[in-house]
There are 2 protein chains.
Amino acid sequence: MNQQECPITFTLEVIGGKWKPYILHFLAARPLRSGELGRLIPQASGKMLTQQLRELERDAVIRRKVYQQVPPKVEYSLTPHGETLMPILDAMCAWGRQNPPAKAGKVRQRQARMGGD
Amino acid sequence: MNQQECPITFTLEVIGGKWKPYILHFLAARPLRSGELGRLIPQASGKMLTQQLRELERDAVIRRKVYQQVPPKVEYSLTPHGETLMPILDAMCAWGRQNPPAKAGKVRQRQARMGGD
DNA sequence: CAGCATCCCCTAGGATACTG
DNA sequence: CAGTATCCTAGGGGATGCTG
């Protein structure tokens with residue numbers, strides 16, 4: 001079985017966006033407004049955020065609720081389908097917690113790529 | 001807790017490359033040579049494959065073994081540290097298996113990459 | 001065969017300004 | 001405040017050729 005027919009491919013089509021894991025992770029805690037998400041993910045520009053949210057919405061893992069009022073208010077939340085992704089997000093979260101980037105210590109040589117964008 | 005201090009960030013720094021989840025997934029089954037990986041992941045160019053392998057090696061999740069012979073032979077395998085990533089890969093695999101892509105009509109051929117580099 | 005170096009194109013994505 | 005439309009540049013990544 002190669003990459004093209006590997007189930008992982010389907011998964012990455014949904015959560016494989018630059019900011020999608022974060023969005024899903026934060027929405028898992030509670031519904032959030034655009035601005036709140038922006039503040040939680042400061043590295044992502046508004047443009048990127050909107051784009052990723054649109055794709056997640058198309059894939060039916062998040063829901064977009066518009067409050068018809070002034071000023072405008074939009075709230076995003078996970079759909080039941082989106083919640084099925086939680087095991088993946090939780091696993092990623094757990095691993096990151098147990099394997100913080102090497103600083104001073106015993107963990108194998110890890111050359112801390114601080115290449116962050 | 002925002003994105004910058006979220007444990008998921010650490011995880012994505014390691015597995016958040018375009019082809020890394022596939023590489024790790026395939027190496028989990030058995031050690032593989034460069035050529036074999038290339039055949040398993042036909043969408044990735046040799047250049048990309050090498051680059052991703054280098055990063056995974058630097059992060060100490062895979063091992064690179066060179067057989068000093070002609071023709072050259074290089075074999076990649078997971079390190080013990082790399083094996084701790086399996087729960088994540090397995091979760092992704094399981095989800096993809098249980099949630100096959102939308103069927104009829106549109107063919108979504110989108111290969112996104114994961115993670116903020 | 002493994003994989004580095006080069007050239008080079010294309011688009012992801014940042015900054016900015018505007019609408020509802 | 002939420003989102004769209006433009007512009008524009010950095011670098012992701014493909015193709016090719018050379019080395020051990």
Side-chain angles (χ1 to χ4, degrees), chain A residues 3-4 9 12-23 26-27 30-59 62-77 113-117, chain B residues 3-4 9 12-23 26-27 30-58 62-77 108-117:
Chain A
Q3 167 263 133
Q4 305 188 50
T9 301
L12 288 178
E13 278 178 20
V14 177
I15 65 168
K18 192 168 186 176
W19 304 106
K20 292 181 184 178
Y22 298 109
I23 294 173
F26 290 128
L27 289 185
R30 62 187 167 92
L32 292 169
R33 300 182 55 174
S34 306
E36 294 177 304
L37 274 172
R39 247 165 285 125
L40 286 168
I41 316 178
Q43 316 259 295
S45 65
K47 177 185 175 181
M48 270 303 95
L49 222 42
T50 299
Q51 177 191 301
Q52 304 275 293
L53 286 167
R54 289 286 169 286
E55 294 181 5
L56 288 171
E57 193 188 353
R58 266 204 306 280
D59 290 331
I62 70 171
R63 183 186 305 111
R64 178 171 181 269
K65 180 169 185 181
V66 181
Y67 293 79
Q68 220 41 66
Q69 63 180 52
V70 177
K73 172 181 173 181
V74 177
E75 200 172 68
Y76 294 93
S77 58
R113 64 172 303 200
M114 36 84 229
D117 51 5
Chain B
Q3 166 264 134
Q4 304 187 51
T9 302
L12 288 177
E13 277 179 23
V14 176
I15 65 169
K18 193 168 186 176
W19 305 108
K20 292 180 184 179
Y22 297 109
I23 293 173
F26 290 129
L27 289 185
R30 62 186 167 91
L32 292 169
R33 301 181 54 174
S34 307
E36 294 177 304
L37 273 172
R39 247 165 284 124
L40 286 169
I41 315 177
Q43 316 257 294
S45 66
K47 177 184 175 181
M48 271 303 95
L49 222 42
T50 299
Q51 176 191 301
Q52 303 276 292
L53 286 167
R54 288 289 166 285
E55 294 182 3
L56 288 171
E57 191 188 356
R58 191 198 50 198
I62 69 171
R63 185 185 304 112
R64 178 170 180 268
K65 179 168 185 181
V66 181
Y67 293 80
Q68 214 47 58
Q69 64 181 50
V70 178
K73 173 180 173 180
V74 177
E75 199 173 69
Y76 294 93
S77 59
R108 297 175 57 71
Q109 181 61 344
R110 167 140 178 66
Q111 176 63 51
R113 87 182 219 74
M114 209 165 74
D117 36 76

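Values reported hereafter were calculated over all heavy atoms of this structure, with side chains retained and with hydrogens, waters and symmetry mates removed. Naming convention: chains lettered A, B, ... in sequence-line order (proteins, then strands); numbering from 1 in each chain. From a predicted model like this one, the values you see are computed outputs, not experimental measurements.
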Over how many whole Å does the gap from [X] atom [atom1] to [N] atom [atom2] extend?
{"X": "B/Gln51", "N": "D/dG13", "atom1": "CD", "atom2": "C1'", "result": "8 Å"}
{"X": "B/Glu75", "N": "C/dC1", "atom1": "CD", "atom2": "P", "result": "16 Å"}
{"X": "A/Lys18", "N": "C/dA12", "atom1": "NZ", "atom2": "P", "result": "12 Å"}
{"X": "A/Glu57", "N": "D/dA2", "atom1": "CD", "atom2": "P", "result": "15 Å"}
{"X": "B/Gln52", "N": "D/dG14", "atom1": "CD", "atom2": "C1'", "result": "14 Å"}
{"X": "A/Leu37", "N": "D/dC1", "atom1": "CG", "atom2": "P", "result": "15 Å"}
{"X": "B/Gln43", "N": "D/dG12", "atom1": "CD", "atom2": "P", "result": "20 Å"}
{"X": "A/Lys20", "N": "C/dA12", "atom1": "NZ", "atom2": "P", "result": "12 Å"}

Q | Test side-chain contact (heavy atoms from CB on, under 4.5 Å) applied to B/Pro42 - qualifying residues, sequence neighbours left out | A | A/Gln3, A/Gln4

Q: Apply side-chain contact (heavy atoms from CB on, under 4.5 Å) to A/Thr50 and list each qualifying residue two or more places apart in sequence or on a separate chain.
A: A/Arg54

Side chains of [X] and [Y] in contact at under 4.5 Å (non-hydrogen atoms):
{"X": "B/Leu53", "Y": "B/Leu37", "value": "yes"}
{"X": "B/Lys20", "Y": "B/Glu55", "value": "yes"}
{"X": "A/Gln52", "Y": "A/Ile23", "value": "yes"}
{"X": "A/Tyr76", "Y": "A/Pro31", "value": "no"}

Q: Provide the full list of salt bridge (Lys or Arg N to Asp or Glu O under 4.0 Å) pairs with a residue in residues 30-41 of chain B, sequence neighbours left out, each pair given once.
A: B/Arg30-B/Glu36

Q.
Strictly under 4.0 angstrom, non-hydrogen atoms only: write out the protein contact profile of nucleotides 15-20 of chain D, one letter per nucleotide from the 5' end, B, S or -.
A. B----B

Q | Whether A/Phe26 and A/Tyr22 hold their rings parallel, tilted or perpendicular, with breakpoints at 30° and 60° | A | parallel

Q | Axis-to-axis angle between the two ends of the helix from C/dC1-D/dG20 to C/dG20-D/dC1 (five base pairs per end, rounded to 10 degrees) | A | 50°

Q) What's the closest nucleotide to the B/Met48 side chain, out of C/dG13, C/dG3, D/dG14? A) D/dG14

Q) Among D/dG3, C/dG14, D/dA2, which is the nearest nucleotide to the side chain of A/Arg33? A) D/dA2

Q | For A/Ser77, side chain to side chain donor-acceptor pair (under 3.5 Å) partners two or more places apart | A | A/Arg63

Q: Respond yes when some side-chain nitrogen or oxygen of B/Arg54 is under 4.0 Å from OP1 or OP2 of C/dC4, and no when none is.
A: yes

(Q) C/dG3, OP1 or OP2 - any side-chain N/O from B/Ser34 closer than 4.0 Å? (A) yes

(Q) Need to verify one output field. Residue with the more 5' nearest nucleotide on DNA chain D, B/Gly46 or A/Leu53? (A) A/Leu53

(Q) Does A/Tyr76 reach a base, just sugar-phosphate, or nothing at all? Heavy atoms under 4.0 Å. (A) sugar-phosphate

